[in-house]
Every structure is written in C-alpha cells, then in structure tokens.
Amino acid sequence: MLRLLSLRRSLHLHHRRPHFPPTVAISRPPLNPTRQFSTVSPPPPSSSSESELRKYIGYGALVILCGAATYYSFPFPENAKHKKAQIFRYAPLPEDLHTVSNWSGTHEVLTRVFHQPENLEQLEEVVKESNVKKARIRPVGSGLSPNGIGLSRMGMVNLALMDEVLEVDKEKKRVRVQAGIRVQQLVDGIKEYGLTLQNFASIREQQIGGIIQVGAHGTGAKLPPIDEQVIAMKLVTPAKGTIEISREKDPELFYLARCGLGGLGVVAEVTLQCVERQELVEHTYISNMKDIKKNHKKLLADNKHVKYLYIPYTDAIVVVTCNPISKWRGPPKFQPKYTSDEAIQHVRDLYVESLKKYSASDERDINEFSFTELRDKLLALDPLNKEHVVKVNQAEAEFWRKSEGYRVGWSDEILGFDCGGQQWVSETCFPAGTLAKPNMKDIEYIEELKQLIEKENIPAPAPIEQRWTACSKSPMSPASSSAEDDIFSWVGIIMYLPTSDARQRKEITEEFFHYRHLTQTLLWDQYSAFEHWAKIEVPKDKDELAALQARLRKRFPVDEYNKARRELDPNKILSSNKLEKMFVSSDVV
C-alpha cells in the first residue's frame, strides 16, 4: 500500500476560525439570571401569539450568547496573542497555508512554509536565507514516520524534487544519489547495473535521506541497519554551508550525522555501498513457541533474513525466512496445499458473519479485498472489543496456516511487507547477545509481552513483529555498539486505525497508549529497550518527559549531539519541538 506525506491546501471556510489562548478569561452573562420578585400583582395572561413570540426571541438570544461564548473560547495562535478579540470577526487563512500530515494521519501540522528545492543550489539558498532570518525549515521526507518526526508548523524543507541517481560505480558497487530519491526509485534506477541495496525496511516509499536519518532497518542478524550502508554524505548546514563527510573525512561527525535525525544539516547527497542484485527464496510457515525456543539460534545463524510474526491470544508464530537461491539445487519445488482463495476464505466468512452481527453492510464485492483490507474492515466493526479482536486474530492465524509455502523473487520484491492500513505503532530495539551466542532475551521479551497482553485483556491485534539486525557504528542508532558481533532485536506492537470516525480513533489512540505504557513499565528498562526514532512519542507530562530525557542520556551521546547541533545549526532552524524536548542540555536535566 502506497503511503505518502499528505500535503493539501486549507481553503475551506470551516477551517477559518480565530484562536484565543486558553488562559484568556472571558466573562459570560448568565443564561438564566435569578428573577427579582415583586409585590405588584401580575398582569393578565397574554395571548398565545405573544407567548410564542417571546419564546422565539428567547431562543434567538440563547443562540447568540452561545455563539459568542464559543467564539471567545477558542485560543489565540501564538503570533496573535496581542490582538484584541472582536466579536464575529475572523481573518481568512492565507492562500499558501497548507495542512501536512504523516501517512497514518496520527500527526498533522498547518504551515505557511514548505520549500521544495529542485537542485543543490536552490537548497543552499533556502538554508542560507532561512538561517539569516532565523526561520525554521525542518527537513521532512515522505512523511512515513509514525511519530511525524519531520513535521513542524514553523516550516519545512522537502527534497522530493531532488531525486536523481548521480553516479554508479559498478566495480565498487557504489552509488551516489540525491537524498530525495525514494527507495523504489533507487532500486529501479540501479537494477540495470546488477546492483541493489543490502537490505530493506517493510516499505519502499521512504526518501533515502529520511530512511537513514531515523535509523531504519530491515531484518537479518548478519545485516546492520540501513545507515551502515552509507559511506559518504553531503550536508547543507546553516552555519558552515555545504560540507562533505565520510569514513575518511571527518569520521566523528560522519558517524554522528548518519543517524542525525535531520538536526545536523539537510542531507543533500548520499553515497551507498550496494550489493549484487540477487533472487531470494522466501519460506513462510507456522510455528509455535516451543519449537521457536528449540530452533531460534539456528534460525538466526542459518538465514540471511528472518522475522517472526506473533499473533496475540494464539500460539501461532509466523516464521518468514529469505535466502539466496542455491546455485546447485535451484528454487524449491513446492505445491501449496491451498489456493490463495482457499487461504483467505475463512477471513471472508468471518467478515460476512460479523456484518450480520453488527447490523452493518458493505457495498463492495468481498472477493475484491486483500487480506489486510479484510482485517482492517473486521477490526473497524469493534476495534476495542477483546473477544472480537481475538476472533480476528484466530482468523489471521488460519490464513497464515493455509498460506504456508515458498515464493521466489528479487530481493526488493520479496523483502517488502504489507503492514496494513493506518495505525499506531511502537517499536523497541534491545541487545540480544551475539550471533555466535544469542542470549535468548529476545524470546523472553515476547513471552512476557504476550503474558502482559492476556493478563490486562488488551485488545491487541496481530501481528507483533520481531526482527533482528547486526549493530551499527552510528552512535545515535538504537542498535549502536562498539562490539562488531553484537546483534539486536526489534519488536513492534500496533493498533490499527481502520476508521475515519474521530471518536473511535480517539478511543483507539487512548487504548494504544495504555498498551504502550504497560510495555514500557514492565519491559523497557529490564531489557535495555529503546524506541525507534521514527516511532518515539514525546510525553506531555513533565515527569514522564524528564524520565525520557534521562533514559536517552543513558543510551545516546546527547551532549556530543547537542554540541554538533550548536556548531552546525546555532539558530536551530532545522530543529523541531520534538527534538528540543528530547535533547535538552545537561544543565537542564
């Protein structure tokens, strides 16, 4: 499913509302003032027409008073706190005001500033002018980060128009690209040279600049996160202009900036170490916890790519391995037991049954829906009802059981994964020993997580996805380690947002954050787990924020990162409220 940053012009009148700060106290006249009693005899009863007239006059006055009270209840925007409120006045939104949201619709901002330079010179000019004006231009990629880490209402810069393959060195298997190129574009652009990327995340629509800056990853205990594929970068910085850094040239800054969260400079160009393009065999099968414990070390060591998909409230574990086709044996000869229609039929039946139960209907032909679309539709009927979610999970387990088999294709085709529709997600990364000696903490983590879900009756949908990577030399990577043989496990929990109903999305959001809070309290410190940079949510509570800041300092070189930010971006034009809250100076902590 294609997921792109949403950018739209806000021109509708229903958006045109003035804002006032919640601290402004507006006195309101009482709607039902106390009557003053008199000894004078009451007048004779009036006619019914006069009574009706007084009633409608009262209704009209009530509407006017309520409208005035509502008007004065809206907060001022920050840049208009000095303005005096004038009843029933509003300023139309400017034509260049845009609404920008991430793909899941969980984070959204309004901004007047959205730069899209077409080349390096234009980008340099945008950064230079913005620095002089001290105007924020937060770098944002495809808007795929679940936490909207690239969004800023003060202004953004996006490199979607800088998406060219600049140079290919077939002999050294290296490519130099503009940072705005999307992963799929890059893969398509270099396949004619017999090259591809070493690993992939679940989807292909990320811009290269964004995917490396947040420490994204694929899976495979022998393969590092994607930032390790970067061997050189060109950064456009506010203070020092355009600089080129690599393993040989300013290596300290290079490693820090590879996973720099967009705070050290706008990544303009990236040089990547690629690998030969190859076909893979994907093997999908159902296992269980007993067998996983028995075979886990072998699965990590023997497979180039491996991941587990756990289905809450069942013992089913979907194991997916991917390996190069054997030159001697060739692709496996396997005849599936079930057709794709037979595999999904159980899910279709549950959907038809659930439509009747909830007195709902669907105009589309049920046979047109993919499995993930059916799952979304099923969950939308009653997303927080645990019994209903358990039924959906059981149907998913049956779907995977009937989908066991092999698939052959190029790595960029095989390693993708349909994550489903809009969703809240939290993904943690923690050490799992070494490839030679896995410590099994990754499996213990899952066992405790599943016990927590069942104990707390959390309506947790499937899957809980578990992947592995080797370590990264980038100090800001969640998988950072100086020991080259260390491996890390990445575990993601989700709750889907399968509906556009605002109240239902709010309820799902609240339940998800309760789910996430329980995992944080029980597991994170015990397993030294830290959230993926693109999925970390900054708390509003002061104590929780202070705890987050302290945790980040224990794991990452925050002082070194802040020092580099001061040197390269002294006016903080590339920053955001999220970054400022996470990376405060040591004296504040």
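What you see below is based on every heavy atom in this structure, not just the backbone, and it leaves out hydrogens, waters and symmetry mates.
Under the 3.5 Å distance criterion, with hydrogens and angles disregarded, a donor-acceptor pair is assigned to the side chains of Ser474 and Asp227. For the residue pair Glu537/His107, the side-chain donor-acceptor check at 3.5 Å is satisfied. Judged purely by distance below 3.5 Å, without hydrogens or angles, the side chains of Asn158 and Gln116 pair a donor atom with an acceptor atom. No side-chain donor from either of Gln178 and Lys234 sits under 3.5 Å from a side-chain acceptor of the other.
Pairs engaging residues 203-243 under the ring-ring contact (aromatic ring centres under 6.0 Å, His included) rule: His217-Trp490, His217-His532 [sequence neighbours left out]. Pairs passing the ring-ring contact (aromatic ring centres under 6.0 Å, His included) check and including a residue from residues 151-209, sequence neighbours excluded, do not occur. The ring-ring contact (aromatic ring centres under 6.0 Å, His included) analysis of residues 541-560, with sequence neighbours excluded, yields the pairs Phe530-Phe556, Trp533-Phe556.
Electrostatic pairing of Arg467 and Glu465 counts as a salt bridge here, judged by a charged N lying under 4.0 Å from a carboxylate O. Ion pair Lys377/Glu373 not flagged as a salt bridge, since none of the NZ, NE, NH1 or NH2 atoms sits closer than 4.0 Å to an Asp/Glu carboxylate oxygen. No salt bridge links Lys535 with Glu531; every basic N to acidic carboxylate O contact stays at or beyond 4.0 Å. Ion pairing of Arg553 with Asp559 is present here, as a side-chain N (NZ or NE/NH1/NH2) and a carboxylate O approach within less than 4.0 Å. We find that Glu244 and Lys249 are not joined by a salt bridge, their nearest charged nitrogen and carboxylate oxygen being 4.0 Å or further apart. Under a 4.0 Å N-O distance rule, the pair Glu167/Arg174 does not qualify as a salt bridge.
Among residues two or more places apart in sequence or in another chain, the side chain to side chain contact (heavy atoms under 4.5 Å, CB included) test is passed with Val408 by Glu279, Val281, Ile325, Pro331. Partners of Lys134 by salt bridge (charged side-chain N to carboxylate O under 4.0 Å, His left out), not counting sequence neighbours: none found. For Thr106, the side chain to side chain contact (heavy atoms under 4.5 Å, CB included) partners are Asn102, Ser104, Trp424, Leu497, not counting sequence neighbours.
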Passes salt bridge (charged side-chain N to carboxylate O under 4.0 Å, His left out), Arg503 versus Glu507? Steps please.
CA-CA 6 Å; Arg503 177 178 294 180; Glu507 291 172 349; 5.3 Å; no
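For Lys191, the NZ atom is densely surrounded, since the number of other residues' heavy atoms within 6.0 Å is greater than 12.
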